[in-house]
Engineer: 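This is the structure, below, for whatever I ask next.
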Amino acid sequence: MKAKHQRLVLILLALVALVGAGLLAAYALRNQASYFYLPEQIRDNPPAVGQAIRLGGMVETGSLKTQPDGVTINFVVTGRDRSRVPVRFAGIAPDLFVEGSGVVAEGRLGPEGTFVADNLLAKHDENYMPRELEGMSEDQARTMAEDTTVGLK
């Protein structure tokens with residue numbers, strides 16, 4: 001076989017291997033994709049039971065209840081049009097997780113319609129202030145930030 005034909009065969013084999021690796025990776029990751037849903041989207045077009053999704057919205061005021069085990073919490077996530085999705089989470093909630101705040105819950109929709117969260121991501125508003133900077137004037141905070149970044153340069 002001529003060198004030209006050998007190169008062509010090698011290029012075709014490499015291309016087939018590359019496409020095969022891509023298809024194998026896509027197949028392996030198909031269950032790892034996590035789609036983002038709002039409460040109104042879950043109401044109108046719910047995902048399949050057990051499908052990994054992310055639910056985003058606001059924690060309804062007055063809905064946060066801790067179970068007697070001290071670890072499990074139940075709350076309701078609301079959307080823009082007041083759609084409601086009950087959520088159950090067992091674990092340690094983030095410090096910023098409070099009623100009336102934004103939340104992104106990662107988990108699955110259960111058969112009874114309750115969202116079972118594996119992880120909670122609390123969102124803060126634009127007025128967020130780290131504990132270290134509370135009570136400081138704007139000049140003091142700027143000075144502290146400059147002193148902190150000097151060691152990073």
Side-chain angles (χ1 to χ4, degrees), residues 14-153:
L15 186 60
V16 167
L18 188 61
V19 168
L23 290 174
L24 187 62
Y27 179 76
L29 295 174
R30 76 188 183 289
N31 290 332
Q32 300 299 320
S34 184
Y35 300 102
F36 186 83
Y37 283 82
L38 297 172
E40 49 269 18
Q41 292 171 321
I42 287 183
R43 180 198 62 212
D44 297 339
N45 188 17
V49 172
Q51 178 185 354
I53 63 168
R54 289 182 175 179
L55 168 65
M58 300 297 287
V59 179
E60 184 177 274
T61 303
S63 70
L64 189 58
K65 306 278 190 271
T66 303
Q67 297 302 308
D69 65 6
V71 177
T72 305
I73 56 175
N74 293 327
F75 58 96
V76 175
V77 174
T78 60
R80 291 186 191 116
D81 66 353
R82 300 290 176 214
S83 298
R84 304 173 80 232
V85 177
V87 179
R88 182 175 60 244
F89 173 70
I92 299 171
D95 290 338
L96 294 175
F97 179 74
V98 293
E99 292 179 343
S101 69
V103 67
V104 174
E106 297 174 335
R108 291 159 175 69
L109 192 62
E112 70 284 350
T114 300
F115 186 81
V116 180
D118 301 323
N119 191 21
L120 293 180
L121 305 170
K123 296 166 58 179
H124 61 77
D125 63 5
E126 65 277 357
N127 299 321
Y128 173 72
M129 177 72 64
R131 290 184 185 136
E132 295 82 9
L133 299 180
E134 286 179 3
M136 288 186 180
S137 70
E138 194 172 318
D139 291 333
Q140 290 172 323
R142 186 179 304 112
T143 303
M144 182 179 179
E146 287 172 358
D147 292 344
T148 304
T149 58
V150 167
L152 298 175
K153 292 181 181 179

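Because the structure is a prediction, the values reported are computed rather than measured.
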Engineer: Search all heavy atoms of P47 against all heavy atoms of I42 and return the closest pair with its distance.
Structural biologist: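 Nearest pair, atom of P47 first, then I42: CD-CG1, 4.2 Å.
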Engineer: Quick check: closest heavy atoms across L120 and A105, and the distance to 0.1 Å?
Structural biologist: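 For L120 and A105, the tightest heavy-atom pair comes out as CD2-CB, 3.7 Å.
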Engineer: Atom CG of N45 and atom CD of E40: how far apart are they, to the nearest 0.5 Å?
Structural biologist: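 If we round to the nearest 0.5 Å, N45:CG and E40:CD are 12.5 Å apart.
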Engineer: Are any side-chain N or O atoms of E106 and backbone N or O atoms of A117, one a donor and one an acceptor, separated by less than 3.5 Å?
Structural biologist: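 No; judged by distance alone, with no hydrogens or angles, the pair does not exist.
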Engineer: For the atom pair CG (D118) and CZ (R54), what is the distance rounded to the nearest 0.5 Å?
Structural biologist: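 Reported to 0.5 Å precision, the distance equals 11.5 Å.
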Engineer: Nearest heavy-atom pair of A93 and I73: which atoms, and what distance?
Structural biologist: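 Heavy-atom minimum between the residues: CB-CD1, 4.2 Å.
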Engineer: What residues, two or more places apart in sequence or in another chain, satisfy side-chain hydrogen bond (donor to acceptor under 3.5 Å, both in side chains) together with R43?
Structural biologist: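 side-chain hydrogen bond (donor to acceptor under 3.5 Å, both in side chains) check on R43 returns D81, S83.
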Engineer: What do the steps show when you test I53 against F115 for side-chain contact (heavy atoms from CB on, under 4.5 Å), and what is the final call?
Structural biologist: CA-CA 10 Å; I53 63 168; F115 186 81; 3.4 Å; yes
Engineer: Could you check whether any side-chain heavy atom of R88 comes within less than 4.5 Å of a side-chain heavy atom of T72, counting everything from C-beta outward?
Structural biologist: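 Contact flag for R88/T72 side chains = yes.
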Engineer: Under the side-chain contact (heavy atoms from CB on, under 4.5 Å) rule, what do L38 and R80 come out as? Steps first, then yes or no, please.
Structural biologist: CA-CA 9 Å; L38 297 172; R80 291 186 191 116; 4.1 Å; yes
Engineer: Looking only at heavy atoms, what is the nearest atom pair of N74 and Q67, with distance?
Structural biologist: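 For N74 versus Q67, the nearest heavy atoms are ND2-NE2, 2.7 Å.
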Engineer: Is there any ring pair (Phe, Tyr, Trp, His ring centres under 6.0 Å) pair reaching into residues 59-105, and which pairs are they, with sequence neighbours excluded?
Structural biologist: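 Pairs touching residues 59-105 that pass the test: F75-F97.
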Engineer: Where do V19 and V16 land on the side-chain contact (heavy atoms from CB on, under 4.5 Å) test, with the steps shown first?
Structural biologist: CA-CA 5 Å; V19 168; V16 167; 6.0 Å; no
Engineer: If you count every heavy atom of other residues, nucleotides or ligands that lies below 6.0 Å from L15 atom CG, does the total exceed 12?
Structural biologist: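 Yes, because the 6.0 Å sphere around CG of L15 holds more than 12 heavy atoms from other groups.
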Engineer: Determine whether a donor-acceptor pair (N or O, by modelled atom type, separation under 3.5 Å) exists between the side chain of R108 and the backbone of G50.
Structural biologist: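 Yes: the side chain of R108 pairs with the backbone of G50.
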Engineer: Of all the heavy-atom pairs spanning V59 and V98, show the shortest one and how long it is.
Structural biologist: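 That closest heavy-atom pairing would be CB-O, 3.8 Å.
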Engineer: Taking all atoms of both residues into account, what is the closest heavy-atom pair of P39 and G79, and its distance?
Structural biologist: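 For P39 and G79, the tightest heavy-atom pair comes out as CG-N, 3.6 Å.
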Engineer: Which residues satisfy the side chain to side chain contact (heavy atoms under 4.5 Å, CB included) test with E60, sequence neighbours excluded?
Structural biologist: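 Partners of E60 under the side chain to side chain contact (heavy atoms under 4.5 Å, CB included) test: S63, V76, T78, R84.
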Engineer: L109 versus V49: any side-chain heavy-atom pair under 4.5 Å?
Structural biologist: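 SC-SC contact between L109 and V49 ruled out.
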Engineer: Under the side-chain contact (heavy atoms from CB on, under 4.5 Å) criterion, do F36 and V104 qualify, and how do the steps go?
Structural biologist: CA-CA 9 Å; F36 186 83; V104 174; 4.2 Å; yes
